[in-house]
Visitor: 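Input: one structure, supplied below.
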There are 4 protein chains.
Amino acid sequence: MAGSVNKVILVGNLGIDPEVRHTQSGSKIVSFTLATSDTWNDRQSGERRERTEWHRVVIFNERAGDVAERFLRKGRKVYIEGELRTRKWTDQGGQEHYTTEVVIDRFRGELVLIDSNRGEGGFGGGSSGGRSGGSSGNANRNAGWDAPGGDDLDNEIPF
Amino acid sequence: MAGSVNKVILVGNLGIDPEVRHTQSGSKIVSFTLATSDTWNDRQSGERRERTEWHRVVIFNERAGDVAERFLRKGRKVYIEGELRTRKWTDQGGQEHYTTEVVIDRFRGELVLIDSNRGEGGFGGGSSGGRSGGSSGNANRNAGWDAPGGDDLDNEIPF
Amino acid sequence: MAGSVNKVILVGNLGIDPEVRHTQSGSKIVSFTLATSDTWNDRQSGERRERTEWHRVVIFNERAGDVAERFLRKGRKVYIEGELRTRKWTDQGGQEHYTTEVVIDRFRGELVLIDSNRGEGGFGGGSSGGRSGGSSGNANRNAGWDAPGGDDLDNEIPF
Amino acid sequence: MAGSVNKVILVGNLGIDPEVRHTQSGSKIVSFTLATSDTWNDRQSGERRERTEWHRVVIFNERAGDVAERFLRKGRKVYIEGELRTRKWTDQGGQEHYTTEVVIDRFRGELVLIDSNRGEGGFGGGSSGGRSGGSSGNANRNAGWDAPGGDDLDNEIPF
DNA sequence: TTTT
DNA sequence: TTTT
């Protein structure tokens, strides 16, 4: 009710193959790391410098998760639109930590395959595979597509 | 097969009260103009300059349309996320024209009320009104919310 | 002074090779058309449907224009961030028309090459070509990079 | 060589007054926390639920920092466009931590005041204050606006 | 036609 | 710690 916007837009390359897990209620969760990099000329030295940023992407949306699982692999380029979410967790030593993730959930977010050369591994897709964006994001066009347990999905995740 | 993105993000003020119409199939369409403005200092004259840009926003999404109809009025500030769509039309003289609009449809887009002072006219809102973003956009959480006629909705619009 | 935002984000493919022209004051202007497409399943027929949207992109920023001129070609995929601008023009018959464009100017906007396989024509780029985004957009890091005539650049354009 | 995009768009309210500090080289750094919130109806219970997300915003851009320092206060609403950056730090106990921030630096990012009711404290602004977006972001229109030390600015920050 |  |  706040009148707020929380949006992240990334175009980058996967650092790992997508990892798939399921909640107790059966919902699929797909996650991976995504690299973006920035290059610029240092003003003083004149040298070319580069910074790579790693983002953790987590997909709760079933359709987008399916697309990620089927078509994304380490090294692939993808457009991700999601929201920032920071969660708290405690390590074995009892230390508290915070991790910020880019989340595509069932309400919002999008995943678009940017590479044209998908399918290198023979997992197909072909011309039918098509654009993931349309079928991911917020679509929810098939009734009841997400599992019971719904809204507290996040609490079930054992990262 | 596209791997494309078509996204517009606007924060601006309505130039008119939202206009509501319905397709033959009963779907609601809400539209209005939105002003954004830019100011800068002219390099040569040093004068302050301003340019106002007018955008035509068209909402096919029922929920976002409801929010717009209920809470938006001329002068209000709103965040709009939609996609660019250009349509062709012919004037009475037979001349062809093209008009580009920012569209929120049932698949994509969002509308967030930015003004806190909504409700000036007493049309309420209250705690129920709430934030439109969550309920608009792509939600479609209530089954079958859009009327038959569906995908060729656009062709029915008599602008 | 309005507190407004006017932003367009596109990922699409060029429909033509970039066209380069110069204002009387010597500034370079690069423009091209960009296609984005959307596919979805029609609810009634169940058929796969597709809509292609064409956008006109105009670059006033010298750096982004340089990158476009050197690396972009018909068919290439690019990420464009710009603002919407609608201009009025009159055809030979005296008819008035409006055209909406996505503009990258010296203040705002960005262009990022998305294709990895740039350089097909042997115009190089190599590993040095690098990311265009950093050097385009709003950088203006080299003093006085844009030509005299500055702020009324737009008025000089003979589209 | 990346062809990547790293962009965050937030509209939210400040949780604190902006904090201002300076690097050894004299550059100003302004930071604050920003809240965005999301509300939705729980599917199971039907109850209204809300999640508030807190973001840490850090501004290295001098102009945007000036605007933030002058016009932003706890509770104000602002549009922020920046990039995600995660930095590592070690607490007193020797424990390593990571913090993700939304950064506006001299190359990229934007800050737009959304509240119309700025100036509550009488710190003015008037017609001069105006919109920050134009003067922040990437402008760098006044030569040499940022202090020596430039590119490794980030390393000097003692958060 | 909006807003500051 | 914000806001509605």
Side-chain angles (χ1 to χ4, degrees), chain A residues 1-6 86 98, chain B residues 10-19 31-40 48-57 67 71-80 112-120 124-135, chain C residues 1-6 86 98, chain D residues 10-19 31-40 48-57 67 71-80 112-120 124-135:
Chain A
M1 211 207 313
S4 61
V5 175
N6 173 358
T86 299
Y98 292 84
Chain B
L10 302 174
V11 176
N13 299 281
L14 276 80
I16 56 170
D17 283 347
E19 294 170 350
S31 57
F32 50 84
T33 54
L34 192 74
T36 56
S37 69
D38 212 356
T39 52
W40 71 97
R48 196 84 191 141
R49 298 187 55 181
E50 175 165 5
R51 169 176 30 225
T52 293
E53 201 66 33
W54 285 98
H55 311 91
R56 180 164 176 75
V57 177
V67 171
F71 297 115
L72 290 180
R73 291 291 176 274
K74 179 179 179 176
R76 279 283 145 83
K77 181 159 290 187
V78 70
Y79 168 96
I80 292 285
V112 179
L113 305 177
I114 289 283
D115 274 327
S116 45
N117 57 320
R118 73 187 97 120
E120 30 98 92
S127 66
S128 71
R131 182 208 184 190
S132 65
S135 57
Chain C
M1 212 205 312
S4 61
V5 174
N6 174 357
T86 299
Y98 293 85
Chain D
L10 303 173
V11 176
N13 300 280
L14 275 79
I16 56 169
D17 284 346
E19 295 170 348
S31 57
F32 50 83
T33 53
L34 193 74
T36 57
S37 67
D38 212 357
T39 52
W40 70 97
R48 195 85 191 141
R49 296 188 56 182
E50 173 165 7
R51 170 175 31 223
T52 294
E53 201 65 35
W54 285 98
H55 311 91
R56 179 164 176 75
V57 177
V67 171
F71 297 115
L72 290 181
R73 290 292 175 275
K74 181 180 177 175
R76 280 282 144 83
K77 182 159 289 188
V78 70
Y79 168 95
I80 292 285
V112 179
L113 305 176
I114 288 286
D115 273 326
S116 45
N117 55 321
R118 72 185 99 122
E120 29 96 270
S127 67
S128 71
R131 185 216 179 183
S132 66
S135 56

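Every chain is numbered from 1, with letters handed out A, B, ... down the list of sequences.
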Visitor: From CG of L14(D) over to C1' of dT4(F), roughly how many Å is that when rounded to an integer?
Guide: 16 Å

Visitor: For E50(B) and dT1(E), give me the distance from atom CD to atom P, rounded to whole Å.
Guide: 16 Å

Visitor: Let me know the distance between NZ of K74(D) and C1' of dT3(F), rounded to the nearest Å.
Guide: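 So the NZ-C1' distance, K74(D) to dT3(F), works out to 12 Å.
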
Visitor: Have a look at I16(B) and say if it touches a base, only the backbone sugar-phosphate, or nothing, with a 4.0 Å heavy-atom cut-off.
Guide: base

Visitor: Would you kindly give the CG-to-P distance between L10(B) and dT2(E), to the nearest whole Å?
Guide: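 Interatomic distance, CG of L10(B) to P of dT2(E): 18 Å.
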
Visitor: Check the distance between dT4(E)'s C1' and I114(D)'s CD1 and give it to me in whole angstrom.
Guide: 12 Å

Visitor: Check R51(B) with D38(B), please: is the shortest side-chain N to carboxylate O separation under 4.0 Å?
Guide: no

Visitor: With respect to the side chain of A35(B), which nucleotide from dT1(E), dT2(E), dT2(F) is positioned closest?
Guide: dT2(E)

Visitor: Grab the NZ-C1' distance between K77(B) and dT1(E) for me, whole Å please.
Guide: 16 Å

Visitor: With a non-hydrogen cut-off below 4.0 angstrom, is G12(B) in contact with a base, only sugar-phosphate, or nothing?
Guide: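 If one applies the 4.0 Å heavy-atom cut-off, G12(B) turns out to touch nothing in the nucleic acid.
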
Visitor: Side chain of T33(B), base of dT1(E): donor and acceptor closer than 3.5 Å?
Guide: yes

Visitor: Would you call W54(D) stacked on dT2(F), i.e. ring centres under 5.5 Å apart with the planes less than 30° off parallel?
Guide: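 Here the ring of W54(D) and the base of dT2(F) are not stacked, as the 5.5 Å and 30° limits are not both satisfied.
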
Visitor: Is any side-chain heavy atom of V11(B) closer than 4.5 Å to one of T36(B)?
Guide: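 Counting from C-beta outward, T36(B) and V11(B) never come under 4.5 Å.
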
Visitor: With distance as the sole criterion, is a donor-acceptor pair present between the side chains of R49(D) and T39(D) under 3.5 Å?
Guide: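 Result is no, nothing qualifies.
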
Visitor: When you check the gap from the basic side-chain N to the acidic O, do D115(D) and R76(D) get nearer than 4.0 Å?
Guide: yes

Visitor: Atom CZ of R76(B) to atom C1' of dT3(E): distance rounded to whole Å?
Guide: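 Spelled out: CZ on R76(B) to C1' on dT3(E) is 13 Å.
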
Visitor: Would you say the side chain of L34(D) lies within less than 4.5 Å of the side chain of I80(D), judging by non-hydrogen atoms?
Guide: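 In contact.
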
Visitor: Could you check how far CD of E53(B) sits from C1' of dT2(E), rounded to whole Å?
Guide: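 Answer to the nearest Å: 13 Å.
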
Visitor: Is there a donor and acceptor pair, one atom on the side chain of T52(D) and one on the base of dT2(F), closer than 3.5 Å?
Guide: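 Side chain to base: pair present.
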
